[in-house]
S.K.: 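Sharing a structure below in structure tokens format, with a few things to ask.
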Amino acid sequence: MGKSAAVCDQKTEFEIVRDWNGFQQVLLRVPSGASARKKNESFFQVCLYGGQIISWRNERGEELLFTSCKANLKPPKALRGGVSIYFPQFGHYGSLEQHGFTRNKMWSIDCDPPALHPNDSNGKACLDLLLKPLDAELKSWPHCFEFRLRVSLSMDGDLTVISRVRNINGKPFSFSFAYHTYFSVSDISEVRVEGLETLDYLDNLCQENVLRSKEMR
Ligand SMILES: O=P(O)(O)OC[C@H]1O[C@@H](O)[C@H](O)[C@@H](O)[C@@H]1O
């Protein structure tokens, strides 16, 4: 089914498909490179359940995200794979279930999102999603918010994710959020994470789970 979304600087065509559970997924394709030949295209696929990005392919057809073939979406459990959106809590650092609740909610397509700075959008095809809590959900986390998620893809196949959280009633609240990304890698022994050397961190594998500083390493 071809639909068009309100997008950054042009109309972008996207398709809505359903997985075997009947959950809607949005597929957005972008012709790549200057020639924009049809056979060269990158795309991403987002499941409206959880607002989860479950596939991101470059113009060579390579999948950049990992989802195990053993992973099944069985709500209320979230699917392990792709990019999960965690909000309003990361991990167990709060009173809610691990990683908060947004990964277990149905998001909607936002056809009229508030504008972003042009630098964040120009030349990209975008999909805007929106999550608003239902009244019943406010019992577990009594804060009025709107969460907007923009997923965009450039002609070079670069994926950008932007989150915007709006406080609806002006009463202050605090939150944390995360993009929990499962990358597809061909050889895990070759993977390095750089640029974190000077930061303090929490080690989830450590029983005490205390803040560790670089002096402790
Ligand atoms: O297992 P969940 O709740 O889907 O969370 C995903 C992962 O979240 C990470 O933060 C934890 O370190 C992992 O142990 C966990 O598997």
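Owing to the predicted nature of the structure, the values given are computational and were not obtained by experimental measurement. Just so you know, these numbers use all the heavy atoms, side chains as well, and skip hydrogens, waters and symmetry mates. When a ligand or atom number is given, it counts from 1 through the structure's own listing order.
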S.K.: What orientation do Phe175 and Phe87 show, parallel under 30°, tilted 30 to 60°, or perpendicular over 60°?
M.R.: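 If you compare the ring of Phe175 with that of Phe87, the planes turn out tilted.
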
S.K.: Can you say whether the rings of Phe90 and His99 are parallel (under 30°), tilted (30 to 60°) or perpendicular (over 60°)?
M.R.: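 Geometry flag for His99 against Phe90: tilted rings.
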
S.K.: Considering only N or O atoms, set out every pair between ligand 1 and the protein closer than 3.5 Å, with distances to one decimal place.
M.R.:
from     : atom 1 : to     : atom 2 : distance (Å)
ligand 1 : 1 (O)  : Arg80  : NE     : 3.2
ligand 1 : 1 (O)  : Arg80  : NH2    : 2.5
ligand 1 : 3 (O)  : Gln98  : NE2    : 2.9
ligand 1 : 3 (O)  : Arg103 : NH2    : 2.9
ligand 1 : 4 (O)  : Arg80  : NE     : 3.4
ligand 1 : 4 (O)  : Arg103 : NH1    : 2.9
ligand 1 : 5 (O)  : Gln98  : NE2    : 3.4
ligand 1 : 5 (O)  : His99  : NE2    : 3.4
ligand 1 : 8 (O)  : His99  : NE2    : 2.8
ligand 1 : 8 (O)  : His180 : NE2    : 3.3
ligand 1 : 10 (O) : His99  : NE2    : 3.2
ligand 1 : 12 (O) : Asn204 : ND2    : 2.7

S.K.: So, for Trp56 and Leu153, which heavy atoms are closest and what is the spacing to 0.1 Å?
M.R.: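 The answer is NE1-CD1, 3.7 Å.
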
S.K.: Does the structure place the NZ or CZ of Arg57 under 6.0 Å from the centre of the six-membered ring of Phe43, at an angle of no more than 45° from the ring's axis?
M.R.: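 Not satisfied by the 6.0 Å and 45° rule.
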
S.K.: Indicate every side-chain donor-acceptor pair of residues 178-187 with a distance under 3.5 Å to a residue at least two apart or in another chain.
M.R.:
from   : atom 1 : to     : atom 2 : distance (Å)
Tyr179 : OH     : Ser163 : N      : 3.3
Tyr179 : OH     : Ser163 : OG     : 2.8
Thr181 : OG1    : Tyr179 : O      : 3.4
Asp187 : OD1    : Ser189 : N      : 3.1
Asp187 : OD1    : Ser189 : OG     : 2.7
Asp187 : OD2    : Ser189 : OG     : 3.3

S.K.: Between the side chains of Glu194 and Arg192, is the shortest nitrogen-to-carboxylate-oxygen separation below 4.0 Å, so that they form an ion pair?
M.R.: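 No, Arg192 and Glu194 are not salt-bridged.
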
